[in-house]
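Since this is a predicted model, take the numbers as computed values, not measurements. Starting from 1, each residue takes its place in the sequence as its number.
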Amino acid sequence: MRGITLCLALAGSLAALPSSLLAQQTTDPCSLLTAQDVSGVLGIKSLPGRPYMGSKAVCFYSADTTFDLTKRTATLMILPTGGFDAGKQMGASGPLAGKSAGVGDDSYYVSYGHYAKLGVKKGSHEFSVTVTPGPDKATPDQLAELEKALAREAVGKL
């Protein structure tokens, strides 16, 4: 439950960033993954991505129209300029500390308890991918593999 709270806190803090920083992002986060991509990786029948709580920087994928983080979901967030480097500093501790996914030009994981998030930088694009395990008791390493597979799909569309 702490991981879900941490995820929501991070999403909320990034949503509170000044619009001038978010205006720098030009990529629609929902254009980087398809429902088919997410369905294949997560083993669910995902609906098309939709803005998370109205944010233009975050796209949410799930099997239903709710934003229920107790189910298996995926979130792709376009990071503001400098967000990748700030997130990489957070990844200095936890079960996946120092681990790279080998995706894009650079990548890092942030993990805490059963929560994991993958940050990716490809050229001038910076984004993160987060998978919630749903009722399954997935380890951070298992979530990391799912996030890596989704990040590869997203990088291929940049």
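Closest heavy-atom contact between A35 and S46: CB-O, 3.4 Å. Pairing each heavy atom of G102 with each of S107, the nearest pair is N-OG, 3.2 Å. Heavy-atom minimum distance, D64 versus R50: O-NH2, 3.2 Å. Closest approach of L47 to A63, counting heavy atoms only: CG-O, 3.9 Å. Contact detail for S111 and P140: the closest heavy-atom pair is CB-CB, 4.3 Å. In this structure, G82 and E126 approach most closely via the heavy-atom pair N-OE1, 3.4 Å.
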Is there a side chain to side chain contact (heavy atoms under 4.5 Å, CB included) between T130 and E147 once you walk through the steps?
CA-CA 6 Å; T130 307; E147 291 165 351; 4.3 Å; yes
Using the side chain to side chain contact (heavy atoms under 4.5 Å, CB included) rule, take V129 and T75 through it: C-alpha gap first, then chi angles, then the decisive distance, then the call.
CA-CA 6 Å; V129 176; T75 306; over 6 Å; no
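Side chain of S55 to main chain of P51: no donor-acceptor pair is present (N/O by atom type, distance under 3.5 Å, no hydrogens or angles). When atom types are taken as modelled, the side chain of Q142 and the backbone of T139 share a donor-acceptor pair closer than 3.5 angstrom. Side-chain atoms of D106 do not come within 3.5 Å of backbone N or O of K121 as any donor-acceptor pair. The backbone N or O of A144 lies less than 3.5 Å from a partner atom in the side chain of Y109, making a donor-acceptor pair. Looking at R72, its side chain never comes within 3.5 Å of a backbone N or O of I44 through a donor-acceptor pair.
For the pair L32/T27, a side-chain contact is recorded, criterion being any heavy-atom separation below 4.5 Å from C-beta on. The closest side-chain heavy-atom distance from T132 to K71 is not below 4.5 Å. At least one side-chain heavy atom of V38 sits under 4.5 Å from a side-chain heavy atom of L150.
Between K56 and D28 there is no salt bridge, since none of the side-chain N atoms of the basic residue sits less than 4.0 Å from a carboxylate O of the acidic one.
Close placement of the Y108 and F84 rings is indicated, their centers lying within 6.0 Å of each other.
Not counting sequence neighbours, Y61 has no partner by the ring-ring contact (aromatic ring centres under 6.0 Å, His included) test.
In the hydrophobic cluster analysis, where Ile, Leu, Val, Met, Phe, Trp and Tyr join through side-chain heavy atoms closer than 4.5 angstrom, M53 is grouped together with L79.
Here the straight-line distance linking atom CD of E153 with atom CG of L76 works out to 12.0 Å at 0.5 Å rounding.
In this pair, F60 and F67 present their aromatic rings tilted. The plane angle is within the 30 to 60° band.
Atom NZ of K157 is surrounded by more than 12 heavy atoms from other residues, nucleotides or ligands within 6.0 Å.
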